[in-house]
Amino acid sequence: MFNADFTDNKSSQKQSTNNVVVDDDVPVVDMTPTFSPVGSTYGDRAKEDGQYIAMEYDGVRPLPFASQDENNNNAGFAPSVMSSVMTAEGLADPAGFLIICCVVLIGDMNRGVLFPIMWPLVQELGGNAVWLGYAVGSFSFGRIIASPTLGKWSIEYGYSKTLVTSTLIMLVGCIFFANVYSVGSLYFLVLSQIVLGIGSATLGVTRAYVAEITATRQRTTYIALLTAVQYGGFTVTPIFGAFFMWILQNRRYEVGFFVFDQYSAAAYFMVSLCGITLFLLMTRFQARYRTKPAAKSKKSSRTAERDELADRTTFLGITTYSAALLGCMLLNVSTKGSIGSFETMGISFAESHFGLQPEVAGLIVSLNGMIGVGFLLGMGTLGKFLTDVQMILGGIFVCALGIISFAAIDSVENGADNSIYHYIIGIFMIYGVGYPIGHTAVIGLFSKVVGRRPQGTLQGYFASAGSLARILFPIMSGYIAHYDSLNTVFIVLFVNLVVSNCFVAICRKTLEALSV
């Protein structure tokens, strides 16, 4: 075991401990091995001034070696990314990050795999576009009621217990969905979607975890990787749902109590993935808790300037910091709501305006989702040339163009002969470029504005804001499409995104200053 005591030594330029050279004018905290707390050990001081909250392993806490200079908050080094609690480069826990990616993947696969199935299932159960809106929105309703609670649990009980609990709930929701067609009730469909939403309401928890094991300047890159997994789960995996619908069309197999058909096979497929993820969480995931640091580090000049800006009072009567968080949440609502409307109307729109079967439409969305994942994987490169704010402006602009391109076309029923290439290009602009870049930049911006404050609860509220949008926008779209037309839906979504971009452009300097 070790006990390393570092103190300031003004008489010498450098000192070496454990073969690592540390500047003598940097205050370094005495570190001793500790055992994990039963719950959160946040103290009053950490809650008041929002200091960096270190995370601690179940066993002995590894010794970090990090430094700060007057102009760079993130200057630092560590013997390896595996031995540091917070690293200047890379991840503090690569294995944990991969398991977190699995959790995020299955959470949004429950939305993506079932995407091509939802509309035919609603029709089979006697529902219409309004019921489709309720079915899609109920998933997000489950997320919105559970996200803040799971965010708090991640602080009080740790990430491992929180994620195991949520994944178990998700597994139950998959079993419910697999039996919707057998039960034959639209209300049971809504119930299964709510349970699935509750089980997958861990976006805030997973983002908080990633935020705490990455350095600030690299956070958008790793958040983008996590979002690439999430986005792939939603947009790429509809191909699995389309496959199950195609191979099991008009077929039905019974194995004991289990019934496999075109509506249930995908859900049982998700049950197996939930089981695998549970195994990884219970056997391979390193449980982490937050613990208050032993000493308060000196603020750099850049941090002091940012804190002074954050504490200013706006005309709304709230601080600039609070206003920026609120603005990011509204941007989340705007972007998530727009894609939520397409999730609701996408299959029926492809069918009514382009004569496409659900399997074909799901395949097109999947292929463009793959392109979107490619852009997300390249967010680190984009971040070298563009700020988060610039990526938000560009992404929302492209997404808005894709949406408005559908507003003027007529339906096949009215004699229109719309080219499938129009549908492919529009979906490419929305799913392949606009939404993945713009929305991921919003997530990264929010995380940077929060900074070193505890992120679990705030990320939970941020995720709830997105889930609220996925409730309101699909239901709104369902009613507008039912009582007016899909063209009006596209116009409303376009105006929503244009207004959002105007807000970002007006507040650009403040958002960039708070996110450095």
Side-chain angles (χ1 to χ4, degrees), residues 91 93-117 139-140 142-143 146-147 150 154 159-160 162-174 177 196-211 213 221-244 266-285 336 339 343 362 365-377 379 431 435-436 439-440 443 459 463 466-467 470:
L91 293 165
D93 187 357
F97 177 75
L98 292 176
I99 296 175
I100 286 293
C101 286
C102 290
V103 174
V104 172
L105 178 64
I106 63 168
D108 269 71
M109 278 186 73
N110 279 308
R111 191 193 295 273
V113 171
L114 304 179
F115 176 70
I117 299 172
F139 183 95
S140 294
R143 276 190 168 178
S147 289
L150 293 176
S154 71
Y159 291 102
S160 182
T162 303
L163 294 175
V164 167
T165 301
S166 64
T167 306
L168 278 171
I169 296 173
M170 196 188 311
L171 189 149
V172 172
C174 291
F177 189 93
L196 282 172
I198 293 174
S200 64
T202 53
L203 290 178
V205 177
T206 54
R207 289 169 186 165
Y209 181 92
V210 173
I213 62 172
T221 300
Y222 285 105
I223 289 290
L225 290 175
L226 189 69
T227 306
V229 174
Q230 177 196 354
Y231 192 65
F234 165 53
T235 60
V236 177
T237 59
I239 195 170
F240 292 105
F243 171 76
F244 285 119
Y268 283 123
F269 171 66
M270 290 308 305
V271 168
S272 65
L273 295 184
C274 288
I276 294 172
T277 304
L278 268 175
F279 174 78
L280 292 175
L281 284 170
M282 298 174 70
T283 61
R284 301 296 181 183
F285 189 65
K336 272 284 186 70
I339 207 69
E343 179 187 354
V365 171
S366 294
L367 293 176
N368 282 282
M370 292 178 188
I371 297 174
V373 170
F375 275 107
L376 288 172
L377 294 176
M379 286 287 284
Y431 283 91
Y435 177 78
H439 182 253
T440 302
I443 298 171
Q459 288 285 2
S467 297
R470 283 185 177 269

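Predicted model, so just to flag it, every value in this text is computed and none were measured.
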Separation between CG (Leu196) and CD1 (Ile106), nearest 0.5 Å, reads 10.5 Å
Out of Phe279, Tyr159, Tyr209, which residue meets the ring pair (Phe, Tyr, Trp, His ring centres under 6.0 Å) rule with Phe285?
Tyr209
Shortest non-hydrogen contact from Ala146 to Ala201?
CB-CB, 3.7 Å
Identify which one of Thr162, Val210, Val103 satisfies the side chain to side chain contact (heavy atoms under 4.5 Å, CB included) criterion when paired with Val205.
Thr162
Over all atoms of both residues, closest heavy-atom pair of Ala228 and Leu377
CB-CD2, 4.1 Å
Between Phe269 and Phe244, what is the ring plane arrangement, given parallel below 30°, perpendicular above 60°, and tilted in between?
tilted
Closest contact, heavy atoms only, Ala266 versus Ile117
CB-CD1, 3.5 Å
Nearest 0.5 angstrom please: Thr202 OG1 to Arg207 CZ, how far?
9.5 Å
Say you draw a straight line from CG of Leu114 to CE of Met109; how long is it, rounded to the nearest 0.5 Å?
9.5 Å
Can you give me the closest heavy-atom contact between Arg470 and Ser140, atom names plus distance?
CB-OG, 2.6 Å
Holding to side-chain hydrogen bond (donor to acceptor under 3.5 Å, both in side chains), I want the full list of residues that pass it with Ser200, two or more places apart in sequence or in another chain.
Arg143
Pair Tyr231 + Tyr435: ring centers closer than 6.0 Å:
yes
For the residue pair Phe97 and Tyr222, does the interplanar ring angle fall in the parallel (under 30°), tilted (30 to 60°) or perpendicular (over 60°) class?
perpendicular
For Phe234 and Ile339, what are the C-alpha separation, side-chain angles and deciding distance, and is it a side chain to side chain contact (heavy atoms under 4.5 Å, CB included)?
CA-CA 11 Å; Phe234 165 53; Ile339 207 69; 4.0 Å; yes
At what distance, to the nearest 0.5 angstrom, does OG1 of Thr237 lie from CG of Asp108?
8.0 Å
Can you find a pair of side-chain heavy atoms, one from Leu163 and one from Ile100, that are under 4.5 Å apart?
yes
Please report the interatomic distance CG(Asn110) to CG(Leu273), rounded to the nearest 0.5 Å.
9.0 Å
Note: Val373 and Gly232 closest approach over all heavy atoms is CG2-CA, 3.6 Å
State, to 0.1 Å, how close Val164 and Leu278 come at their nearest heavy-atom pair, and which atoms those are.
O-CD2, 3.7 Å
To the nearest 0.5 Å, how far apart are SG in Cys101 and CG in Leu225?
7.0 Å
Does Ile239 offer a backbone N or O that forms a donor-acceptor pair with the side chain of Ser366 under 3.5 Å?
yes
